[in-house]
Amino acid sequence: MEERDVRFVRLWFTDVLGFLKSVAITPAELEGSFAEGIGFDGSAIEGYARIQESDMVAHPDPTTFQLLPWRTQSSTARMFCDITLPDGSPSFADPRFVLKRALKKAGDMGFTFYTHPEIEFFLFRGELVPGQRPIPLDTGGYFDHTTLGDGTDFRRDAIQMLEQMGISVEFSHHEGAPGQHEIDLRYADALTMADNIMTFRVVIKELAAAQGITASFMPKPFTEWPGSGMHTHMSLFEGDNNAFYDAADEYRLSRIGKQFVAGLLHHSAEITAVTNQWVNSYKRLGGGGEAPAYVCWGRNNRSALVRIPMFRADKSSSARIEMRSIDSSSNPYLSYALMLAAGLSGIEHEMELPEEAADDVWALSERERSLMGIRQLPRNLDEAIREMENSELVAETLGEHVFDYFLRNKRAEFEEYRRQVTVHELTTLLPRV
């Protein structure tokens with residue numbers, strides 16, 4: 001820090017919904033923060049504590065130290081924090097601790113959990129005006145190579161900034177909707193990746209603000225265009241060996257890999273309220289196209305909830321599965337903890353993988369899907385909440401505190417949403433009835 005003339009250190013952590021929290025300290029205070037942490041009022045953080053038990057402590061993780069490249073006037077760094085109670089015991093309200101607990105269970109079974117997300121987002125011109133339709137930054141489409149300028153330059157600048165912070169990018173491209181872009185992060189262990197995703201969101205929003213535009217990770221800003229997901233590729237490793245790989249299998253997928261997929265499918269409805277946590281998330285899942293709405297798996301089938309990507313037969317490290325429902329506005333710590341727990345449940349209970357869905361599931365009739373045993377994902381946040389509140393797996397993985405708070409918060413969100421009179425109702429009903 002002395003060599004780099006760091007003047008401030010921002011200590012980061014998230015609330016239960018995945019919104020970033022930050023406190024800035026000077027370098028002189030850093031040694032004390034390592035030894036004793038930084039105290040704060042937990043009752044002021046969404047989902048953390050009640051008034052009568054509000055004292056909490058943030059302990060910076062020195063392995064997450066990085067300079068913030070957009071802070072050019074004075075060098076500023078950041079570190080993620082683990083949250084404890086004053087007696088030093090972990091806070092069960094800390095989403096990072098929820099993921100650490102799930103990773104420990106995987107470690108006790110001999111596994112390391114790796115993830116690789118494809119993060120989609122929108123860029124809009126100028127500042128957003130509440131209630132007004134945003135204007136996309138460009139008119140491009142999927143994989144377009146054009147002289148669009150603004151969007152292409154933005155992705156280049158964002159990737160350079162991410163790389164400066166030690167976050168490796170695999171590739172980037174324009175997505176299907178105007179103003180929609182995707183940047184894929186290179187695989188890492190799930191805790192590092194969750195930290196990287198939180199950093200990614202800050203980088204994208206800071207860079208957009210600096211250029212006079214707005215970035216949003218809202219799942220579905222437009223009715224007529226695709227929404228933004230965060231398709232996540234996952235694999236389990238036993239030491240240096242990919243536990244999902246089997247050279248003799250027709251899918252090159254091991255028995256452990258198949259059981260993991262079976263667990264994801266079995267528990268998918270229960271975890272959807274977390275992987276798709278907003279009322280708007282279900283506009284994306286109900287929109288057709290490549291956003292999954294049904295519980296099934298496939299290989300080249302992008303209408304499936306879980307996809308088995310093709311890879312070179314001699315490259316065992318690339319064996320992986322892809323979860324396609326999760327959106328880019330979810331809390332990555334909680335989402336990855338639940339996705340891992342669901343997969344591990346499949347391994348523990350030796351669940352059998354159902355038949356592959358080879359057809360476009362959206363194009364099938366309801367009767368055809370029923371005959372194939374293909375269930376529907378929750379169609380709205382209310383249905384997702386009802387699935388979650390009866391789930392032992394979700395309650396055990398999140399812990400009682402996060403589980404109860406999350407359900408209360410989401411019930412309130414849906415009830416507020418349910419009472420709203422929408423533009424659609426005013427347009428279709430007001431002139432006619």
With side-chain contact (heavy atoms from CB on, under 4.5 Å) as the criterion, how do F154 and L123 come out once you've worked through the C-alpha distance, each side chain's angles and the decisive distance to 0.1 Å?
CA-CA 9 Å; F154 181 92; L123 298 175; 3.6 Å; yes
For the [atom1] atom on [X], are there more than 12 heavy atoms of other groups (residues, nucleotides or ligands in this structure) within a distance under 6.0 Å?
X: E415; atom1: CD; value: yes
X: R101; atom1: CZ; value: yes
X: R386; atom1: CZ; value: no
X: F40; atom1: CZ; value: yes
X: Q420; atom1: CD; value: yes
X: R379; atom1: CZ; value: no
X: E3; atom1: CD; value: no

Intermediate values then yes/no, side-chain hydrogen bond (donor to acceptor under 3.5 Å, both in side chains), E118 and H233:
CA-CA 8 Å; E118 303 172 355; H233 298 248; 2.8 Å; yes
Could you walk me through whether S303 and Y294 satisfy the side-chain hydrogen bond (donor to acceptor under 3.5 Å, both in side chains) test, starting with their C-alpha distance in whole Å, then the side-chain angles of each, then the deciding distance to 0.1 Å, before giving a yes or no?
CA-CA 8 Å; S303 68; Y294 301 98; over 6 Å; no
Can you confirm whether or not the ring centre of [X] sits under 6.0 Å from the ring centre of [Y]?
X: F13; Y: F19; answer: no
X: F122; Y: F222; answer: yes
X: F244; Y: F260; answer: yes
X: W297; Y: Y251; answer: yes

Going through the distances and angles, do H173 and D184 end up as a side-chain hydrogen bond (donor to acceptor under 3.5 Å, both in side chains)?
CA-CA 9 Å; H173 59 85; D184 298 2; 5.2 Å; no
Test ring pair (Phe, Tyr, Trp, His ring centres under 6.0 Å) on F237 and F111 and set out the steps.
CA-CA 5 Å; F237 272 70; F111 299 123; over 10 Å; no
I'd like to know if [X] pairs up with [Y] as an ion pair, taking the criterion as any Lys NZ or Arg NE/NH1/NH2 lying under 4.0 Å from an Asp or Glu carboxylate oxygen.
X: R408; Y: D404; result: no
X: E413; Y: R411; result: no
X: R155; Y: D157; result: no
X: D82; Y: R96; result: yes

Is there a donor-acceptor contact under 3.5 Å from the side chain of [X] to the main chain of [Y]?
X: E387; Y: T272; result: no
X: K105; Y: T397; result: no
X: S22; Y: W12; result: no
X: E36; Y: G32; result: no
X: Q164; Y: P69; result: no
X: S328; Y: E120; result: yes

Walk me through whether F121 and F200 qualify under side-chain contact (heavy atoms from CB on, under 4.5 Å).
CA-CA 11 Å; F121 56 93; F200 179 96; 3.9 Å; yes
Given D195 and T192, is the side-chain hydrogen bond (donor to acceptor under 3.5 Å, both in side chains) satisfied, shown in steps?
CA-CA 5 Å; D195 290 343; T192 299; 5.8 Å; no
Qualifying residue, where the test is side chain to side chain contact (heavy atoms under 4.5 Å, CB included) with M234 and the options are V261, L340, L264
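When side chain to side chain contact (heavy atoms under 4.5 Å, CB included) is applied between M234 and each of V261, L340, L264, only L264 qualifies.
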Identify which one of V98, N331, L334 satisfies the side chain to side chain contact (heavy atoms under 4.5 Å, CB included) criterion when paired with V16.
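In the set V98, N331, L334, the residue that makes a side chain to side chain contact (heavy atoms under 4.5 Å, CB included) with V16 is L334.
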Please walk me through it: do I167 and T199 pass side-chain contact (heavy atoms from CB on, under 4.5 Å)?
CA-CA 9 Å; I167 299 175; T199 304; 3.7 Å; yes
For H266, what residues pass the side-chain contact (heavy atoms from CB on, under 4.5 Å) criterion, not counting sequence neighbours?
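Listed in chain order: M351.
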Is the NZ or CZ atom of R78 both under 6.0 Å from the centre of the six-membered ring of W70 and within 45° of that ring's axis?
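Output no; distance or angle outside limits.
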Can you see whether W278 has K410 sitting over its ring - NZ or CZ less than 6.0 Å from the centre and within 45° of the normal?
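That pair qualifies as a cation-pi contact.
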With rounding to the nearest 0.5 angstrom, report the [atom1] to [atom2] distance, [X] to [Y].
X: L253; Y: I256; atom1: CG; atom2: CD1; result: 10.5 Å
X: Q132; Y: I135; atom1: CD; atom2: CD1; result: 8.5 Å
X: I326; Y: M323; atom1: CD1; atom2: CE; result: 7.5 Å
X: L185; Y: E170; atom1: CG; atom2: CD; result: 9.5 Å
X: R299; Y: I308; atom1: CZ; atom2: CD1; result: 9.5 Å
X: D15; Y: L20; atom1: CG; atom2: CG; result: 9.0 Å

Looking only at heavy atoms, which two atoms of M1 and L30 are closest? And how far apart?
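Result for this residue pair: SD-CD2, 3.2 Å.
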Provide the closest heavy-atom pair for I119 versus F217 in the form atom of the first, atom of the second, distance.
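Closest heavy-atom pair between I119 and F217: CG2-CE2, 4.0 Å.
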